[in-house]
Amino acid sequence: MQPSEPMIVFEGVEKRFGDHVVLSDLDMTVAPGEHVTLIGPSGSGKTTILRLLMCLEKVDAGTIRVGGRYLTHMEKNGGLVPADERYSREVRKRIGMVFQQFNLFPNMTVRRNLTEAPTRVLGLSKDEANARAEELLDLVGLGDKIDAHPTQLSGGQQQRVAIARALAMRPDVLLLDEVTSALDPELVAGVLSLLQDIGKSTDITILCVTHEMGFAQDFSHRVMMFDGGRIIEDAPPEELFGAPRHERTRTFLQAVSG
Amino acid sequence: MENLPRIVAVLLDGVPETVIAAAGGILLTILLAFSAGLALLSEHRLLRAISRTYVEFFRGTSEVVQLFWIYFVLPVLVGIQLLPLFAGVVVLGLNHGAYGAEIVRGAVSSVPKAQVEGAKALSFSPRDIRWRVVMPQAVLEMLPSFNNLFIQLLKSTAILSFIVVSEVTERGVQVLVPNFGDDIVLIFVLMLLIYLVLAVLITAVMRWLERIGARRLGRRPSASARTAAVAAAH
Amino acid sequence: MGWDWNYAIAILPEMLGALRVTIEITLLGSLVALVLGLVIAVVRRARIPVVDQLLWAFVEFVRSTPLLVQVFFLFFVLPRFGIVLGAFAVGVIALGVHYATYTSEVYRAGIDAVPRGQWEAAAALSLPQSRVWTGVILPQAVPRVLPALGNYVISMFKEVPLLLGIGVVEVVNKAKELSSETFRPIEPYTIAGLLFLALSLPASILVRRLERRRAAV
């Protein structure tokens with residue numbers, strides 16, 4: 001990867017579900033270490049961007065590159081062909097994701113949730129993976145829960161474990177998909193301040209979809225306003241929240257701030 | 001009542017055959033249920049079609065017909081005469097395996113899609129996703145339904161008396177009823193009790209497996225899973 | 001020995017006659033199972049001490065033991081108490097009672113699924129108990145369990161051949177008779193299998209469609 005190369009590049013990306021166009025001709029770049037927050041009304045395509053990066057959905061047109069390598073396509077005989085499962089998985093290893101509903105594995109303890117992928121996918125030894133898991137659980141404040149089952153934890157604790165699980169893969173890119181939306185109100189602040197700490201102490205590139213505008217303002221280097229599958233405004237948070245240029249952005253911000 | 005020891009002895013004489021038929025049938029059922037159930041979820045159309053045909057065929061015809069067909073028709077067609085007990089195990093397994101395939105299919109597809117996505121986000125291989133994330137959760141869901149299915153299978157072993165396997169029903173009806181006509185109520189009560197005890201044993205083993213499984217998931221077996229299973233078993 | 005079309009066609013009328021017997025037993029047995037099962041479910045709902053425990057034990061016992069043994073039991077034991085019935089009637093009763101224990105559980109699930117508020121609303125209107133059941137609860141509970149009940153009727157149809165043990169000439173017993181007369185087992189047993197398939201396959205497709213319609217509502 002060249003030093004000047006962006007971490008994430010979307011070029012002419014289109015995504016449809018049946019007749020419904022979710023993303024149309026989308027271009028977007030994110031620099032290494034940048035924190036970008038995607039905001040906008042539901043159904044505007046924010047979450048689809050994260051799901052495309054995680055290969056949970058396939059693009060209908062256009063290309064996505066991550067760290068200089070194509071994610072959606074692979075080079076073959078000088079041309080580009082759609083990526084196969086194995087290739088995508090290889091590129092995707094550098095990306096981690098935290099979900100709205102945590103998606104912890106109920107059949108595994110917290111420890112195994114954190115060590116299973118590092119050992120199976122990255123080939124870490126058991127000791128290395130365990131050490132990494134313990135360190136991360138301490139970081140998220142749940143060092144004493146390592147042998148608990150996910151069902152024995154509160155929503156906030158489960159989400160902290162899910163964050164630790166994503167970090168255990170040492171990703172270059174972290175995707176946060178409405179990570180506080182399923183939490184009880186009193187648990188939201190703790191998870192958000194944990195994310196602030198992680199943002200400050202690492203150089204991970206972070207893409208975040210959230211409805212927490214205060215968090216978006218403090219956390220992001222750049223905010224993108226989505227509507228109807230397009231980016232209608234792309235600016236540093238102080239500008240976008242302080243002096244939105246677009247009428248649609250203004251009405252949206254008014255609506256969410258109540 | 002003075003015939004009680006004789007009656008008990010004759011009935012107990014049939015227990016090994018009943019147990020072998022049930023245990024053999026259960027093993028074959030598990031094997032077929034998982035093979036056919038996973039084949040029903042396969043991406044290969046041919047595999048799905050073969051499995052669907054097997055399931056519909058064995059669920060659509062009567063178990064007694066299947067037994068008689070394998071025992072009386074197969075020898076004429078291909079010249080292989082199966083031993084009665086063996087023919088019984090094969091039919092019990094084939095028949096209940098078809099029902100079990102639907103249990104496996106249902107349980108695997110009931111594992112939330114979010115679990116698969118969570119695993120994909122960690123770059124697990126499709127193989128690891130199936131065997132380390134989906135199957136452990138699905139198997140726990142299957143246990144109550146398999147409990148019901150195995151009890152159905154145990155009850156079905158009685159039809160082996162039609163092809164003269166000396167199991168409990170055959171002992172009772174062919175040997176005891178003609179000889180101890182005065183004790184007929186006693187004979188039947190004892191027969192039914194033997195089946196009841198075996199059914200309770202099956203349930204005890206399955207509940208034990210459920211408890212182990214639930215502990216691994218850090219929760220109690222859900223009541224909803226059990227009631228759903230009652231409806232699904234048939 | 002291969003398949004003989006002439007023989008197959010020659011025995012078909014007799015096989016169809018036996019199928020008719022099988023269907024008659026299924027329908028009468030279903031009637032017993034559907035009515036008796038409902039009675040058990042409604043009585044158990046009242047939670048009368050002792051009666052409730054006895055019914056529970058009866059249901060569990062019947063469900064956990066082989067239908068075939070129960071058939072023999074009724075066939076041999078009823079005459080001892082002066083009740084002399086033909087094999088056909090014994091078959092209908094045995095199948096009906098056995099399946100009533102299943103349908104009672106199905107009805108129970110359906111009744112439990114009726115929201116509490118419906119009972120309370122009916123009570124608030126001071127409806128008599130019988131009217132609460134027939135006018136409010138059952139009209140909501142029964143439609144949603146129809147697919148499950150349908151599945152049991154199909155299962156019962158496939159279990160009618162057990163009655164060959166007491167000499168009822170249903171499909172499989174007819175096949176057995178024919179094959180021992182002519183020493184040709186292939187055609188009778190294969191036709192028997194196909195007859196079951198021909199009826200139960202469309203029936204279960206129908207039930208599945210009903211299930212989907214219910215799920216969609």
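Note that these values count all heavy atoms, side chains included, but never hydrogens, waters or copies made by symmetry.
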I'd like to check [X] versus [Y] (side-chain heavy atoms, cut-off strictly below 4.5 Å). Are they in contact?
{"X": "B:R132", "Y": "A:R112", "value": "yes"}
{"X": "A:P106", "Y": "B:Q115", "value": "yes"}
{"X": "A:N107", "Y": "B:M135", "value": "no"}

* Greatest number of heavy atom pairs closer than 4.5 Å to chain A - which of B:A121, B:P112, B:P136, B:A119 -> B:A121
Write down the atom of [X], the atom of [Y], and the distance for their closest heavy-atom approach.
{"X": "B:L122", "Y": "A:V121", "result": "O-CG2, 3.6 Å"}
{"X": "B:S123", "Y": "A:R89", "result": "O-CD, 3.3 Å"}
{"X": "A:M54", "Y": "B:K120", "result": "CE-O, 4.4 Å"}
{"X": "B:R215", "Y": "A:H149", "result": "O-NE2, 3.3 Å"}

Check whether [X] gets within reach of chain B through its side chain, its backbone, both or neither, counting any heavy atom under 4.5 Å.
{"X": "A:E85", "answer": "side chain"}
{"X": "A:F105", "answer": "both"}
{"X": "A:L56", "answer": "side chain"}
{"X": "A:R165", "answer": "both"}
{"X": "A:L104", "answer": "backbone"}

* To do: Step through the shown structure and confirm whether more than 12 heavy atoms of other residues, nucleotides or ligands are within 6.0 Å of CG on A:D203.
  => no
* Which one, A:M169, A:M108, A:E90, A:R92, leads in non-hydrogen pairs under 4.5 Å with chain B? -> A:R92
